[in-house]
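I have placed the structure first, in the form of structure tokens, so that the comments after it can refer back to it.
Within every chain, numbering begins at 1; the chains are lettered A, B, ... in the order of the sequence lines, protein sequences first and strands thereafter. Keep in mind that this is a model prediction, so the values were computed, not measured.
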Protein chains: 2
Amino acid sequence: MSRKAGRSPSETRRLLLDAAGTMIRTRGVSATLDDIAQRAGVSKGGLIYHFASKDDLIRALADDLLQTFRDAVEAACDPADTAPGRLARAYVRACLDTGQDERVLRESIALLAQLITIPAVAELARADAERWDRELQADGLPEDVLALVVSAADGASNASLWGGATVAAKLRRLEQQLIQLTLDHTLWSHLRLTSNPDVPGGSGGFD
Amino acid sequence: MSRKAGRSPSETRRLLLDAAGTMIRTRGVSATLDDIAQRAGVSKGGLIYHFASKDDLIRALADDLLQTFRDAVEAACDPADTAPGRLARAYVRACLDTGQDERVLRESIALLAQLITIPAVAELARADAERWDRELQADGLPEDVLALVVSAADGASNASLWGGATVAAKLRRLEQQLIQLTLDHTLWSHLRLTSNPDVPGGSGGFD
DNA sequence: GTCTATACTGTGATAGAC
DNA sequence: GTCTATCACAGTATAGAC
């Protein structure tokens with residue numbers, strides 16, 4: 001028999017994950033298990049029952065965040081858009097959009113960066129990055145355009161990490177430019193033609 | 001009189017900072033003061049003498065890393081380059097160059113990301129980011145080009161954080177492209193002309 | 001002034017009560 | 001299945017050797 005259960009185990013798990021996110025966001029990874037458990041309305045022992053250790057809790061939280069980002073990119077996919085670079089454009093939108101949810105999402109980057117302390121999380125992030133790399137490369141975009149656009153999207157979303165003032169108008173503007181870059185390849189080939197001839201790998205790479 | 005000094009205080013400080021960097025890189029912020037002190041060849045108390053607390057040590061380490069990056073950008077400045085975007089190009093080189101020192105530099109990003117847990121470090125990073133923003137905006141580059149180039153450089157250097165496989169050849173290629181973008185504005189204005197008309201702030205901003 | 005030795009406080013983890 | 005009691009250990013503070 002349960003000692004006392006006003007909620008289901010899965011509900012408790014979710015409460016604990018949310019509480020962990022909030023506490024670590026504000027107090028850093030040094031946030032206490034006591035704090036997290038209390039905020040979720042359970043005891044420290046109760047927390048440890050659901051997550052074997054603090055590392056395990058953090059790993060689960062990181063997993064949750066990465067999945068949330070994937071969902072956001074999927075939601076940003078335009079069903080009417082079937083041109084090459086479809087996924088890249090959704091990726092850019094998810095990284096740069098300034099809506100209510102997207103703001104929370106982009107701020108999660110700072111949270112995830114803190115979690116990466118734990119080796120298991122680092123491995124999780126590595127695998128996730130590799131998967132994005134694979135999926136984006138299958139998106140049909142010229143290699144150079146893809147590298148530029150994705151780097152810029154990453155850089156802009158990572159800016160919150162370093163405390164850079166993120167002006168919504170600037171982000172929307174960059175977003176439009178990046179999306180335009182994925183659509184207007186002629187422009188890009190012009191850049192390549194005029195570029196420094198001693199660039200390594202200067203030929204090939206275009207589809 | 002010093003109880004025992006096979007080295008000067010400033011040497012001890014440097015040893016401690018380097019030890020802290022190494023240990024935190026490998027074991028995360030949870031690296032013990034004992035570990036760090038031992039690696040530097042002093043006792044835990046000795047560490048606490050030089051740095052009042054672990055937070056203080058970490059703040060000093062972050063300060064050191066930010067300064068090292070500034071030095072790297074300065075070193076990447078081409079004296080012969082006097083065209084607008086001079087600083088942006090040096091910034092790109094420092095972020096993307098794949099030499100011996102630069103590699104260490106780019107890996108320091110992951111370290112700094114871990115330190116940002118401490119509020120004092122977050123504030124330090126915020127101020128530093130703001131300063132870069134100011135200096136780069138005074139660099140004479142069109143606003144749009146600057147935003148794109150800097151975002152991309154940031155994104156590429158932050159990739160190591162997320163475990164993305166950083167291929168040297170790809171980085172050098174992106175570097176050349178970004179530098180080319182800062183030099184070839186005509187190309188960019190073409191992109192702006194063809195871009196979506198509903199982009200906010202679509203007029204003005206060019207110098 | 002610089003450091004070592006050591007004692008104190010609070011956190012993460014465990015065993016076992018209910 | 002949930003929580004209490006307890007332990008081991010990390011960060012901090014202090015006394016004192018040199």
Side-chain angles (χ1 to χ4, degrees), chain A residues 1-62 114-121, chain B residues 1-62 114-121:
Chain A
M1 264 290 160
S2 162
R3 180 157 177 180
K4 173 66 193 306
R7 55 184 173 257
S8 78
S10 67
E11 279 170 345
T12 306
R13 247 186 91 95
R14 172 90 335 253
L15 280 173
L16 284 167
L17 281 179
D18 290 342
T22 307
M23 297 311 286
I24 294 179
R25 246 181 267 265
T26 52
R27 304 193 191 178
V29 271
S30 59
T32 297
L33 289 187
D34 257 331
D35 296 339
I36 296 169
Q38 197 168 351
R39 169 169 256 268
V42 305
S43 68
K44 187 163 73 163
L47 189 162
I48 288 296
Y49 169 73
H50 287 282
F51 301 95
S53 67
K54 190 178 187 181
D55 279 13
D56 187 41
L57 170 64
I58 286 179
R59 198 203 48 70
L61 180 57
Q114 300 200 356
L115 308 188
I116 218 153
T117 301
I118 281 81
V121 173
Chain B
M1 265 291 159
S2 162
R3 174 161 179 184
K4 172 65 194 306
R7 55 183 174 255
S8 76
S10 67
E11 278 170 346
T12 306
R13 245 185 94 95
R14 173 96 324 261
L15 280 172
L16 284 166
L17 280 179
D18 290 342
T22 308
M23 296 311 286
I24 294 178
R25 246 181 267 264
T26 52
R27 305 192 192 179
V29 272
S30 59
T32 297
L33 289 186
D34 258 330
D35 295 339
I36 296 168
Q38 198 168 350
R39 170 169 255 268
V42 304
S43 68
K44 190 162 69 161
L47 190 163
I48 287 296
Y49 171 72
H50 287 283
F51 302 95
S53 69
K54 189 177 188 181
D55 280 13
D56 187 42
L57 169 65
I58 286 178
R59 199 203 47 71
L61 180 58
Q114 301 201 353
L115 308 189
I116 218 152
T117 302
I118 282 79
V121 174

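A straight line from CZ of Phe51(A) to C1' of dG12(C) spans 16 Å, rounded to a whole angstrom. The separation between Glu11(A) atom CD and dG1(D) atom P is 16 Å, rounded to whole Å. As rounded to whole Å, 13 Å separates atom C1' of dA10(D) from atom CD1 of Ile58(B). Counting to the nearest Å, the P atom of dC8(C) and the CG atom of Leu33(B) are 19 Å from each other. Remark: P of dG11(D) and NZ of Lys44(B) are 7 Å apart, rounded to the nearest angstrom. Computed from coordinates, the Asp34(A) CG to dA13(C) P distance equals 12 Å when rounded to whole Å.
Atom CZ of Arg27(A) has 12 or fewer heavy atoms from other residues, nucleotides or ligands within 6.0 Å.
Contacts of Ile48(A) with the nucleic acid, taken as non-hydrogen atoms under 4.0 Å apart, include base atoms. Using a 4.0 Å heavy-atom criterion, one finds that Ser43(B) contacts the bases of the nucleic acid, with or without backbone contacts as well. Contact annotation for Thr12(B): backbone-only contact, meaning every heavy-atom pair under 4.0 Å involves sugar-phosphate atoms and none involves a base. If you check every strand for non-hydrogen atoms under 4.0 Å, Ala37(B) touches nothing.
An OP1 or OP2 oxygen of dT2(C) is reached within less than 4.0 angstrom by a side-chain nitrogen or oxygen of Tyr49(B). In this structure, His50(A) does not reach the dG1(D) phosphate: none of its side-chain N or O atoms is under 4.0 Å from OP1 or OP2.
Taken from CD1 in Ile58(B) to CD1 in Ile118(B), the straight-line distance is 4.0 Å, to the nearest 0.5 Å. Separating the CD1 atom in Ile36(A) from the CG atom in Leu15(A) is a distance of 13.0 Å, to the nearest 0.5 Å.
Listed nucleotides dG11(D), dT11(C), dT4(C) differ in distance to Thr32(A); the shortest reach to its side chain belongs to dT11(C).
One cannot find a donor-acceptor pair under 3.5 Å joining the base of dT11(C) and the side-chain atoms of Lys54(A).
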Worksheet item: How far apart are the C-alpha atoms of Thr117(B) and Thr117(A), what are their side-chain angles, what is the distance that settles it, and do they pass the side-chain contact (heavy atoms from CB on, under 4.5 Å) test?
Response: CA-CA 10 Å; Thr117(B) 302; Thr117(A) 301; 5.6 Å; no

